[in-house]
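The structure appears right after this line, and notes come after that.
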Amino acid sequence: MLTNRSSFWGKSLLVFCIFVFFWLVSLEVEAATKKYQFNVEVKNVSRLCHAKPIVTVNGMFPGPTVYAREGDRVLINVTNHAQYNMSIHWHGLKQYANGWADGPAYITQCPIMTGNSYVYDFNITGQRGTLWWHAHIFWLRATVYGAIVILPKQSTPFPFPRPDGEQVIVFGEWWHADVEEVVKQGNALGLPPNMSDAHTINGKPGPLFPCSEKHTFAMEVEQGKKYLLRIVNAALNDELFFAIAGHNMTVVEIDAVYTKPFSTNALLIAPGQTTNVLVSANQALGRYFMAVRPFQDVPIPVDNKTATAIFQYKNIPTTVIPKLPHLPLPNDTAFALSYNNKLRSLNTPNFPANVPLKVDRRLLFTVGLGKSVCPTCINGTRLSASLNNITFVMPKTGLLQAHYFNMKGVFNTDFPDKPPKAFNYTGAPLTANLFTTKGTRLSKIAFNSTVELVIQDTNLLSVESHPFHLHGFNFFVVGTGIGNFDPAKDPAKYNLVDPPERNTVGVPTGGWAAIRFRADNPGVWFFHCHLELHTGWGLKTAFVVGDGPGKDQAVRPPPMDLPSC
C-alpha cells in the first residue's frame with residue numbers, strides 16, 4: 001500500500017512539475033523583454049529643394065517604429081548626442097504607477113542633457129494597437145517622432161478580418177527653416193511662429209511639391225488583398241483629413257482601442273491621435289493617391305497644401321499618373337462632426353467599455369486665448385492661452401519628483417474645478433480683459449475616484465478646435481456639442497453605453513467635449529492641448545492623483561538613472 005501511495009505521489013509530483021514547466025514557458029512566450037537603443041543625433045535632410053540639419057533618432061526621419069506585444073516589458077535607452085536637452089513621451093501608454101517613464105520634460109522628469117542617457121523602462125499592460133512616441137520638449141517633435149505597434153497577445157485574433165498586410169502611415173509637418181529658431185522669432189515678437197511649408201506622409205511631402213519625385217512614399221498592394229493601415233497624426237498644429245482615391249476605408253481602432261467598424265471615404269485625425277483602418281485593394285489596377293490636408297473651420301492661417309503618397313497596385317509602371325481623392329473641403333465642419341459621431345467603442349465581453357456611471361468629481365475647464373505683458377514684443381503684449389483663465393508656468397524641476405519627495409514651493413494643488421466667472425463662452429468674440437493669471441497650479445484627484453471633465457471652448461479672441469491629450473489614462477468621450485455646455489440638459493444626451501475611448505479628444509470649434517475616466521493611476525499626469533503652439537502659450541495643467549491603499553497602488557520609486565535638472 002505504501003509503495004502504491006509513493007508511486008501515486010511521485011507521478012503526481014512529476015505531472016505537477018511538467019505543468020509548472022510548460023506554464024512558465026508559456027509566460028516566457030507571452031511576456032518578452034524588448035530592448036531598443038535610441039540615439040538622438042543631428043542629420044542633414046533634404047526636402048523641397050532645400051537641405052537642413054534636423055534632430056533625429058538613429059538618423060531616421062521619421063524615427064524607428066517600436067514593435068512590442070501586449071504584456072511585454074520594453075527598455076528604450078535614449079542617448080542624447082544633440083545640442084538640445086531631450087525627453088521622449090510614449091504617447092498613449094498608461095505607465096501604471098510609473099510616471100518616470102512617461103517622458104514630458106519638467107512634468108515627470110528633467111530632460112536628458114547633451115551627452116547623457118536615460119532608460120525608459122515600462123510594461124505594456126492591457127493595451128494593444130497603434131500608438132506613437134515623440135519628443136516632449138520645445139518643438140523638437142517636429143522631427144523626433146515615430147510609431148508604436150503593440151501586437152495582441154499570442155493566439156489572440158483581431159476582432160476584425162485578418163489583413164493580408166499592414167503599413168504604418170505617419171503624418172507630419174516640414175519647415176524650410178530651423179523650427180526652434182522659427183519659434184524663438186515668434187516668441188520674441190509675441191506672435192505665432194511661421195506656419196509649416198509642407199505636410200508629410202512618412203516624412204515625405206509627395207510629388208505635388210518641388211524636388212519631391214524621390215521624396216514620395218509609395219505602398220505596393222496586390223489586387224484582392226486587404227491591408228491594415230496604422231495611421232498617426234504627428235503634425236504639430238493641424239487636424240488633418242485623409243483619403244485614398246477610389247477606395248473606402250473601414251475604421252477599426254482609435255488610440256489603440258477597438259471600435260465598432262464603419263466605412264468612410266475620408267477620415268479626420270487630430271494631432272496626437274491614431275486611427276487603424278482596413279482597406280481592400282479591390283479597384284482597377286492602377287496608382288492612386290493617398291492625400292492629406294488640414295481641417296480648419298475658422299479664419300486662422302494654416303499650411304493648407306496637400307501632401308500625397310501613392311497606393312500602388314503591383315506590376316503597374318510608375319509612369320501611370322495617380323488619381324487624386326476627393327477630400328472634404330478644408331472648412332467642412334459638417335463632415336468633421338458627422339465622422340466623430342460615428343466613433344463607438346467595440347464594447348464586447350472581450351473588449352468592454354467600462355464607462356464610469358457614477359461621478360465623484362465634476363470639472364469644467366474653459367479654453368481661452370489671451371495676452372500677457374511683454375515689453376519687448378509688438379504692442380507690448382504676447383499671445384498666451386489658458387485653462388480657467390490660468391496660463392500654466394512650467395517649473396524648473398520635474399513635478400513628479402516634487403510630488404514624490406514632497407518638495408515645497410514647486411507647485412500648488414489649487415487649480416479650480418470651474419472658471420472664476422461664468423459668461424457666454426461661445427457668444428460674440430471677446431477682445432477686452434484678455435490678461436490671464438499665471439501659475440504652476442495642479443488639480444488634485446483622489447485615487448480611484450471617477451472624474452467627469454467638460455472642456456469648453458470660448459470666443460476669447462477666437463473660437464477654435466483644440467485636441468486635448470491626457471497622459472496616464474484613457475478616457476471615454478461621453479458627449480460633445482456646439483455652443484455652451486448646459487449641465488441641466490446635455491448630460492441626458494450622453495452616450496454611456498459605447499462611447500469612444502481614447503487618449504486625445506478634439507474639442508469642436510465653439511463647442512465642448514465631456515470625458516469620463518477613473519483616476520486609478522497614481523502620479524502626476526500632464527493634460528494639455530496637443531497643438532504645440534497652444535501648449536507653448538500655456539494651455540496646459542496636470543492632475544496629481546494620490547496613492548491608493550494597496551502596495552501596488554503607489555508611485556514606484558524613481559529609477560537610479562533618472563535625469564537631474
Side-chain angles (χ1 to χ4, degrees), residues 104-108 136 187 190 192 361-374 377 381-400 402-403 407-426 429-445 451-473 475 484-485 505 507 512-515 517 519 523-545:
Y106 301 105
I107 305 297
T108 59
H136 213 304
N187 288 340
R361 183 90 171 267
R362 297 185 189 275
L363 308 173
L364 172 64
F365 289 2
T366 52
V367 180
L369 300 179
K371 295 179 180 179
S372 57
V373 175
C374 175
C377 296
T381 60
R382 171 182 287 138
L383 286 169
S384 63
S386 67
L387 287 169
N388 285 353
N389 206 46
I390 298 166
T391 296
F392 190 82
V393 176
M394 291 296 284
K396 304 293 187 204
T397 191
L399 294 176
L400 182 58
H403 167 64
M407 298 164 61
K408 304 299 182 185
V410 178
F411 65 86
N412 294 315
T413 55
D414 61 348
F415 191 91
D417 286 6
K418 59 184 180 181
K421 182 180 179 182
F423 59 97
N424 183 6
Y425 304 121
T426 56
L430 300 166
T431 56
N433 302 319
L434 292 174
F435 291 97
T436 62
T437 60
K438 295 184 176 182
T440 311
R441 299 169 66 179
L442 280 57
S443 178
K444 191 167 185 177
I445 306 289
V451 179
E452 178 178 301
L453 167 58
V454 176
I455 313 161
Q456 172 73 62
D457 188 28
T458 70
N459 210 350
L460 291 163
L461 282 183
S462 173
V463 290
E464 189 174 352
S465 177
H466 298 272
F468 270 89
H469 173 48
L470 176 59
H471 292 226
F473 300 92
F475 49 74
N484 299 336
F485 174 74
V505 60
V507 178
W512 55 270
I515 65 173
F517 64 96
V524 177
W525 303 107
F526 207 17
F527 177 70
H528 61 97
C529 179
H530 220 278
L531 303 180
E532 208 63 34
L533 180 65
H534 294 168
T535 302
W537 288 350
L539 194 50
K540 51 196 173 187
T541 185
F543 292 105
V544 181
V545 179

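In this structure, His466 and Phe468 have tilted ring planes: the angle between them lies in the 30° to 60° band. By the 30° and 60° cut-offs, the orientation of the rings of His530 relative to His469 is perpendicular.
In terms of modelled atom types and a separation under 3.5 Å, the side chain of Thr413 and the main chain of Leu442 share no donor-acceptor contact. No donor-acceptor pair under 3.5 Å is formed between the side chain of Thr458 and the backbone N or O of Tyr425. In terms of modelled atom types and a separation under 3.5 Å, the side chain of Lys540 and the main chain of Thr535 share a donor-acceptor contact. Remark: the backbone N or O of Ala385 is paired with a side-chain donor or acceptor of Thr391 at under 3.5 angstrom. Checked by atom type and distance alone, the side chain of Asn484 pairs as donor or acceptor with a backbone atom of Thr426 at under 3.5 Å. No side-chain donor-acceptor contact under 3.5 Å links Asn389 to the backbone of Thr436. A donor-acceptor pair under 3.5 Å is absent between the side-chain atoms of Asp457 and the main chain of Trp512, judged by distance alone. At distances below 3.5 Å, at least one donor-acceptor pair connects side-chain atoms of Gln456 with backbone N or O atoms of Phe485.
Nearest heavy atoms, Val451 versus Leu363: CG1-CD1, 3.8 Å. Nearest heavy-atom pair across Val410 and Pro395 is CG1-CB, 4.1 Å. Residues Pro416 and Asn388 come closest through the heavy atom pair O-ND2, 3.2 Å. Closest non-hydrogen pair, Leu387 versus Phe365, comes out as CD2-CB, 4.2 Å. In this structure, Ala519 and Phe473 approach most closely via the heavy-atom pair CA-CE2, 3.7 Å. Ser372 approaches Ser384 most closely through the heavy-atom pair N-OG, 4.0 Å.
Note that CZ of Phe527 and CG of Leu453 are 5.0 Å apart. Values are rounded to the nearest 0.5 Å. Annotation: the span from Leu533 atom CG to Leu539 atom CG amounts to 10.0 Å, rounded to 0.5 Å. Separation of atoms CG (Leu430) and CG (Leu460) is listed at 5.5 Å; rounding is to 0.5 Å. The NE2 atom of His471 lies 8.0 Å from the CD1 atom of Ile107; values are rounded to the nearest 0.5 Å.
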Stepwise side-chain contact (heavy atoms from CB on, under 4.5 Å) check, Val505 with Ile455:
CA-CA 10 Å; Val505 60; Ile455 313 161; 4.1 Å; yes
Criterion side-chain contact (heavy atoms from CB on, under 4.5 Å) on Leu470 and Phe543, from CA distance to verdict:
CA-CA 9 Å; Leu470 176 59; Phe543 292 105; 3.7 Å; yes
Could you give me the CA-CA distance, side-chain angles and deciding distance for Phe411 and Val544, then say whether side-chain contact (heavy atoms from CB on, under 4.5 Å) is met?
CA-CA 11 Å; Phe411 65 86; Val544 181; 4.1 Å; yes
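For Phe392 and His528, the distance between ring centers is not under 6.0 angstrom.
Considering Arg361, Lys444, Arg362, Arg441 as possible partners of Asp417, the one that fulfils the salt bridge (charged side-chain N to carboxylate O under 4.0 Å, His left out) test is Arg361. Of the residues Pro192, Cys374, Cys377, the one that meets the side-chain contact (heavy atoms from CB on, under 4.5 Å) test with Leu383 is Pro192.
In this structure, Thr381 and Phe435 have side chains that are in contact, with non-hydrogen atoms separated by less than 4.5 Å. Side-chain atoms of Leu369 and Glu464, non-hydrogen and from C-beta on, do get closer than 4.5 Å to each other.
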